[in-house]
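So that the names make sense, note that chain A is the first sequence line, chain B the second, and so on, each numbered from 1.
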Amino acid sequence: MFRNNYDGDTVTFSPTGRLFQVEYALEAIKQGSVTVGVRSKKHAVLVALKRNADELSSYQKKIIKCDEHMGLSLAGLAPDGRVLSNFLRQQCNYSSLVYNRKLALEKAGHLLSDKAQKNTQSYGGRPYGVGLLLAGCDNSGPHILEFQPSGNTLEIYGTAIGARSQGAKTYLERSLDEFTQLEDADALIAVAVEALKHCLKDETLSTKNLSIAVVGPDKPFTVLDGEAVSAYL
Amino acid sequence: MASTIASEYSNEVKNVPIEHQFNPYSDNGGTILGIAGEDFAVLAGDTRHTTDYSINSRYEPKVFDCGDNILMSANGFAADGVALVKRFRNSLKWYHFDHNDKKLSLQSAARSIQHLLYGKRFFPYYVHTMIAGLDEEGKGAIYSFDPVGSYEREQCSAGGAAAPLIMPFLDNQVNFKNQYQPDSQGTKRRDKKYLNIDEVIKLVRDAFTSATERHIHVGDGLEILIVTKEGVRTEYYDLKKD
Amino acid sequence: MNHDPFQWGRPSDDVYGAYNSKIANASPYPSMNTQQPIVTGTSVISMKYDKGVIIAADNLGAYGSLLRFTNVERLFPVGENTVVGVSGDISDMQHIEHLLDEMQIENNYDNQYADDEEALRPSNVFEYLANVMYNRRSKMNPLWNAIIVAGLENGKPFLRYVNLLGVTYSSPTLATGFGAHLAVPLLRKVVDKEEDAAKTSLETAKKTVEECMKVLYYRDARSSRKYSVAILDNDKGLVFEKGVQVEDMVWGFAKDIRGYGTQKV
């Protein structure tokens, strides 16, 4: 029978020039629950659908604050996300201690890329099994970045990662011209929540499974959970 | 002694090399004062910054709001003071990360600062440190530290250059030391009571105007940070600039 | 019992004989770091005015009392909004210059906003230098300098000082070394409080700094006539003037001074 001989490690190319382990890592993101990120000229917003293993269990945290001006949401392996968010916290902290400066989103993206890329080129390791949406507001304004375990980090107006995320992406593509012009943070959150609804199958959004984060020039990165999100349902 | 040239300085010629050593400390003057009330606390400091006889700055704040209703000041060698406050603020930030934004209590802040100070027991932060805030019952509290971390909760305390001038005044005016009831022939102490915020601010201003008169390293401006359950507010008063 | 703390925990000489440093290839002395500056630059002076900040330093590198190097630049622009003025040891200054270069390279790499929003600001440059200075002093291996960082940040003047101990402070007028004693009183006559700076024109600021450089040249033996001035102005941007000279001095009295010098009578 056919068996793939080129997916045992991350350092070996297949004859067609592919790194299967890296591609599998990208698959892990699609297993995770969906998260959406959008930005206007003023704000950046993350929303995420939280999952619980069963009715007795708590919901997995999806949005993590890294600094007053930056945070991320994740889809995929949560423990890997924790490692990366810890790393970003340290980098933000270093920037503020040594340079009295917010770490720029672009710099943060490159730091993550470099860290993830190392795993794709060293034997015995594995790529991170998590995708991240980075949201923040630095000196050049609000930004959303999409990070992938391959080491790709792209800046984007709006995107979604995780299970059935295509629905949200299609919705955002259609409303791009409107939401990028929004002045109001709440209106932008409403767009993100609406996009998230396009990814639902069996679930319905509730105060239990919706998580929201918003950041702006004079609004520190704030995560809303539980009752705080009821206004946006 | 091997001296070949007869000179009036010959008695100053040393037969051992003179040792020079880099001194990593300096004294940047200034003074701080903390008073706790029933439901508030104040931490005040002058804004003059000195080295030797020079006034480096007339306005260099040294009392800080660290968040979680904690005020902090570290007076003495300014570089160490700044470094210590920076380290405490940073540990507070990570405390929030690691404990889901839980508020740090004042007594925990005090213990944490002890460890920051004692961690440099053999190359100390050359500062008198004070923090102010509310305790877990909502009562005003001051904690003061020596340079290597031994600390105590107090009703009031003074630190820095003019501490010896201010402390006895505080003993008398806050804790009513040596005050007796008029008709008791010095047998019954005056009853203790909490001072209200206006009385405390008056005391602080008097303490600093007097210290400014008698101490060259104190003056220019007075910054008072007041913490209540509503939060932190700041008041500024000019002091003499001479 | 030997009560000298330096001997605690060491093999006792009566039992083991004197310590032979040759065996361990050890230096007979403890390791030593900088204990004094060698070639030095004297004062840096600076002040704020209504639309920016002005900073000046002369071009001398003195070797003790020998005026050894006469063309040393001690003002360093960092980007468009910052100038760093350094006094003290010149070799340490050149190390700091190198650090500032590296800092700019690091900032501009992978930074599409490096020319505007994410350009280095004076407070970024200052914080970095202050950390370098404090960390070096904490290793008992100081950079023997006093530094003033001058700049414009969000349209407002920035001025802050740091020295070999890591001590930092801000004031609308700042000077290092001799300047702290001779120039600061003159500068404060013009600008004492932050509000005074807002009422002072560039012209006044320039004249004041010129006057201070003259007084310093008169009275500081390790100063030179030639100096540099940098101005960071909200309208004009960074103006760097090199090779400025102290003018209009009065030396007529010098020929009448007796008692020392070369004259016989």
Side-chain angles (χ1 to χ4, degrees), chain A residues 39-44 66-70 87-88 90-118 134-148 150-157 215-219, chain C residues 78-82 84 96 98-139 143 147-156 158-162 166-170:
Chain A
R39 71 158 249 228
S40 63
K41 283 186 298 185
K42 277 230 163 122
H43 301 93
C66 296
D67 204 346
E68 293 305 304
H69 72 294
M70 191 194 296
F87 170 73
L88 263 192
Q90 285 166 21
Q91 295 298 321
C92 287
N93 197 214
Y94 178 81
S95 178
S96 82
L97 285 184
V98 178
Y99 300 107
N100 182 213
R101 184 183 194 183
K102 295 172 191 166
L103 183 67
L105 269 281
E106 188 186 355
K107 293 264 177 191
H110 283 118
L111 288 166
L112 276 179
S113 286
D114 293 349
K115 194 172 167 64
Q117 195 276 342
K118 275 198 195 97
L134 220 57
C137 194
D138 57 23
N139 292 329
S140 55
H143 301 279
I144 294 276
L145 266 58
E146 180 184 342
F147 160 84
Q148 294 187 325
S150 51
N152 282 317
T153 307
L154 290 170
E155 174 157 20
I156 203 154
Y157 282 109
V215 60
D218 21 55
K219 198 186 209 94
Chain C
V78 180
E80 312 268 82
N81 325 309
T82 313
V84 178
I96 289 165
H98 174 70
L99 294 178
L100 290 172
D101 283 347
E102 284 191 333
M103 189 193 186
Q104 289 177 87
I105 292 167
E106 168 72 22
N107 179 256
N108 298 153
Y109 186 72
D110 274 348
N111 182 356
Q112 56 175 314
Y113 303 100
D115 293 330
D116 25 60
E117 293 105 317
E118 290 290 355
L120 281 176
R121 299 173 177 196
S123 62
N124 305 145
V125 176
F126 180 83
E127 193 71 21
Y128 173 68
L129 286 177
N131 278 304
V132 169
M133 298 304 277
Y134 183 72
N135 288 331
R136 287 292 295 260
R137 89 97 218 188
S138 296
K139 285 184 220 154
L143 295 174
I147 302 170
I148 292 175
V149 177
L152 277 171
E153 187 157 335
N154 300 323
K156 290 204 179 69
F158 177 97
L159 209 52
R160 205 161 162 81
Y161 166 103
V162 60
V167 169
T168 60
Y169 48 85
S170 283

- Message: Looking at A:Q91 and A:L111, would you say the former's side chain and the latter's main chain have a donor-acceptor pair under 3.5 Å?
- Response: no
- Examine distances only and state if a side-chain atom of C:N111 and a backbone atom of C:N107 form a donor-acceptor pair shorter than 3.5 Å. yes
- Please determine if C:R160 and C:E127 form a salt bridge, counting it only when a charged side-chain N lies under 4.0 Å from a carboxylate O. no
- Parallel, tilted or perpendicular for C:Y113 and A:H143, by the 30°/60° rule? tilted
- Between C:N131 and chain A, which part of the residue has a heavy atom less than 4.5 Å away: side chain, backbone, both or neither? side chain
- Task: Sort C:N135 into side chain, backbone, both or neither according to what part of it lies under 4.5 angstrom from a heavy atom of chain A.
- Result: neither
- Looking only at A:K107, A:E106, A:K102, A:H110, the option with the highest number of non-hydrogen pairs under 4.5 Å against chain C is A:E106
